Structure formats: structure tokens, C-alpha cells
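Atoms within each ligand, like the ligands themselves, are counted from 1 in listed order. Predicted model only: the values in this text are computed from it and were never measured.
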Amino acid sequence: MTYECILTAVHGDGPRKTGLITLNRPKALNALSDPLMDELGEALLAFDADDGIGCIVLTGSERAFAAGADIPTMLPHTFVSAFKSGLLSKNWETILQVKKPVIAAVAGYALGGGCELAMMCDFIIAADSAKFGQPEIKLGVVPGAGGTQRLPRSIGKSKAMDMLLTARMMDAAEAERAGLVSRVVAAEKLLDEALAAAETINGFSGPSVALVKELVNLAYQTPLRDGVAVERRYFHALFGSHDQREGMEAFLAKRAPNFEHR
Ligand code: CO8
């Protein structure tokens, strides 16, 4: 499949591979136009449906993961036209339908919708050049893809308010201290690190991986007691899988497991 605003590739040597999606509007710092978001939605769903893919890595360029939604597209809208059309692509939240892990590999700017898109991924690996921010307030608007909701859950109220109200950017070191990103690596190692993390995940049992993702996301939506109850049931359920028996037998036999993702 050929796209105009993104690039796709498949990486890895194992039986399950990694789908790599690179945002590719360099002249606009990967601003998230509707055509780009539509292509991204399509590519994410295609990798999610492909049994040969275990994990997805989403990245941008050295200079920008994405500098936000496309400002020229938004400019002419009125409240009524925004409300009636939804304003931006319906594919802004397609990423939330993906069952496989999606790792954001962020270098340079991740601003506005770019920061929101990174936060919709399952975890963020940052280059030391990464800069995160929600500068919508400077444009006379507010975030529209979850920034006011996911940022406080990720880094706490005080830092989130600071970033959202002052529009200041957070560098990679501060983002790691605050828990927004899981690790920071030298910019030139970013993609290798993200692909290596994906490769590790690809080696595990697909059903366990998908259920871990679902359960962690559930933690944001349910009281603790209910979340733990669902976790217990999924723990029990995996004893009906081939891979539970294989994983435990392999451990006891001191050999590598041969997971069949069933
Ligand atoms: N949209 C469109 N074009 C952009 C954007 C953008 N968000 N950001 C940068 N560009 C373009 C510039 O216009 C410029 O184009 P040109 O060369 O044709 O003039 C090119 O990228 C390079 O940008 P700069 O010359 O400004 O580069 P600098 O290095 O000087 O500055 C910055 C880099 C700091 C990233 C600066 O470009 C900037 O501040 N960009 C805007 C950041 C921003 O405000 N982002 C938030 C946008 S609003 C949003 O994301 C809301 C999301 C809502 C989602 C709702 C879903 C339903």
C-alpha cells in the first residue's frame, strides 16, 4: 500500500514482526492533517489485522514527531461547522481500537495533537531531543484529542496545569521524571530501541500481550476492586490457552518457549 503522508515498513527476524509507521510531512513538521490521520488509521488497522505482526511502532522525524493538528485546516471553522463536521478526521481515535501494543518513538516536537497522539500509544520512548507540549492555549483554543484528560492522569495535576496553562514545553528528561515517557535514549538510538522493545514483546504470547494492554487501559476506567476482578478472570482464562502450558513447561525444562499465540 502506498501512502502520501506516512511511510510503512515491516521489521524483525522472528515469526512475529513489527509494523513501523513513520509520519511523513516533513515540511509541516508532521502536522496531523486529515489525509495523514486517515492514512494513519488505515495503516494501524491493517497491521492490527495482520497475524504476522505482533507490535506497532509509531514514529516521526528527527525534528518532529508531530507539531499538532494542521492549523490552516482548522482556521476557517466556526463553532457550528466544527460541531457538525466533528472538525477533524474521524480517525483521530482509531488508534484506540488497536488491540496490539503501539509504541510511540518520539524525537523532536510532540506538540498539541502530536502530544495527544503519543499519549494514545501504549508507551512512549523518547529521544533526548524530544519536547512535549500542549500549546493550544496560545491559539485561543483548548486541546481536542484528550490532552486535558490524559496529561493529568499521566503526570499529575500540577505539572499538567502548568503545561496546559503556560504552554511551556517539557524536555525528555523532565518527561521521564514525570512519568510521561518510559525511557529516554540518545536520538540516534531511538528507532533501534523502540524496535528492540517491540521485538521483545513479539516473542511473548499474543493473547497475554493483548490482555495486558486491555487490563492496563481498564485501570483508567474502573474502580480498583472491579479492575482486579477482571484481571483475575483473565488470569484464569489463560489457563485455557496452549501458550500457558507451553510457557510453564518451557520454564521448567529450562528451554525457550515456542508460543503459538493461541
Ligand atoms: N500545522 C501546520 N503547519 C505547521 C504546524 C501545525 N501545527 N506546526 C508547524 N507547521 C509548519 C509551519 O507553518 C512551517 O511551515 P512553512 O515553512 O511553510 O512556514 C513549518 O511547519 C516549520 O515550522 P516553523 O517555521 O514554525 O519552525 P520553528 O522551528 O520555528 O518552530 C514549532 C517549530 C515550535 C513546532 C512551531 O512550528 C510551532 O509552534 N508550531 C505550532 C505548534 C502548535 O501550536 N500545535 C498545536 C496545534 S492545535 C492542535 O494540535 C489541536 C489538536 C486537536 C485534535 C482534535 C481531534 C478531534
Distance, nearest 0.5 Å, that separates OG of Ser205 from CG of Leu211: 9.0 Å
Within 6.0 Å of CZ in Phe239, more than 12 heavy atoms from elsewhere: yes
Lys159 side, atom NZ; Ser154 side, atom OG - distance, nearest 0.5 Å: 11.5 Å
From Met74, Gln134, Arg25 - option closest to atom 48 (S) of ligand 1 by heavy atom: Met74
Sub-4.0 Å protein heavy atom near atom 18 (O) of ligand 1: no
Gap between atom CG of Asp122 and atom CD1 of Ile56 - 0.5 Å precision: 9.5 Å
From the candidates Asn91, Leu117, Leu32, Leu29, the one that places a heavy atom nearest atom 37 (O) of ligand 1: Leu29
Those atoms of ligand 1 less than 4.0 Å from some heavy atom in Gly112: 46 (C), 50 (O)
Residues Glu174 and Arg168 bridged, charged N to O under 4.0 Å: yes
Minimum heavy-atom distance Val57-Ala105, with the two atoms named: CG1-CB, 4.2 Å
Closer than 4.0 Å: a protein non-hydrogen atom to atom 24 (P) of ligand 1: no
Min N/O separation Ala31 to ligand 1 under 3.5 Å: no
Contact check, side chains of Leu58 and Leu40, non-hydrogen atoms, under 4.5 Å: yes
Nearest-neighbour protein heavy atom for atom 15 (O) of ligand 1, which is reported as residue plus atom name and distance: Lys27 O, 4.0 Å
Shortest protein heavy-atom distance from atom 29 (O) of ligand 1, along with the residue and atom involved: Arg63 NH2, 2.8 Å
For Leu139, the ligand 1 atoms whose distance to one of its heavy atoms is below 4.0 Å: 44 (O), 47 (C), 48 (S)
Min N/O separation Leu88 to ligand 1 under 3.5 Å: no
Element-labelled atoms of ligand 1 that are located less than 4.0 Å from some non-hydrogen atom of Asp70: 1 (N), 2 (C)
Heavy-atom gap Pro135 to ligand 1 smaller than 4.0 Å: yes
Heavy atom of the protein closest to atom 1 (N) of ligand 1 (residue, atom name, distance): Ile71 N, 3.1 Å
Close-contact set for ligand 1 against Glu116 heavy atoms, below 4.0 Å: 52 (C)
Under-4.0 Å protein heavy-atom contact, atom 21 (O) of ligand 1: yes
Nearest-contact summary for atom 38 (C) of ligand 1 - protein heavy atom, Å: Leu111 CD1, 4.7 Å
Ligand-residue contact atoms, ligand 1 with Gly113, heavy atoms, under 4.0 Å: 49 (C), 50 (O), 52 (C)
Atom 8 (N) of ligand 1 [closest protein heavy-atom partner, distance rounded to 0.1 Å]: Ala67 CB, 3.5 Å
Hydrophobic cluster membership, Tyr3 vs Ile21, 4.5 Å side-chain cutoff: yes
Ligand 1 atoms in contact with Pro72 (distance to a heavy atom under 4.0 Å): 2 (C)
Linked, directly or transitively: Ile95 and Met37 (ILVMFWY side chains, under 4.5 Å): yes
Met163 with Met120, same ILVMFWY side-chain cluster at under 4.5 Å: yes
For atom 51 (C) of ligand 1, the protein heavy atom that lies nearest, with its residue and separation: Glu136 OE2, 3.6 Å
Lys/Arg N to Asp/Glu carboxylate O, Arg262 vs Glu246, below 4.0 Å: no
Side chain to side chain, Val10 and Asp50, heavy atoms closer than 4.5 Å: no
More than 12 heavy atoms from other groups under 6.0 Å of CD on Glu62: no
Residue, atom name and distance, where the atom is the protein heavy atom closest to atom 11 (C) of ligand 1: Ala28 CA, 3.9 Å
Whether over 12 other heavy atoms sit under 6.0 Å from Lys131 NZ: no
Protein heavy atom under 4.0 Å of atom 55 (C) of ligand 1: yes
Minimum-distance protein heavy atom relative to atom 53 (C) of ligand 1: Gly144 N, 3.8 Å
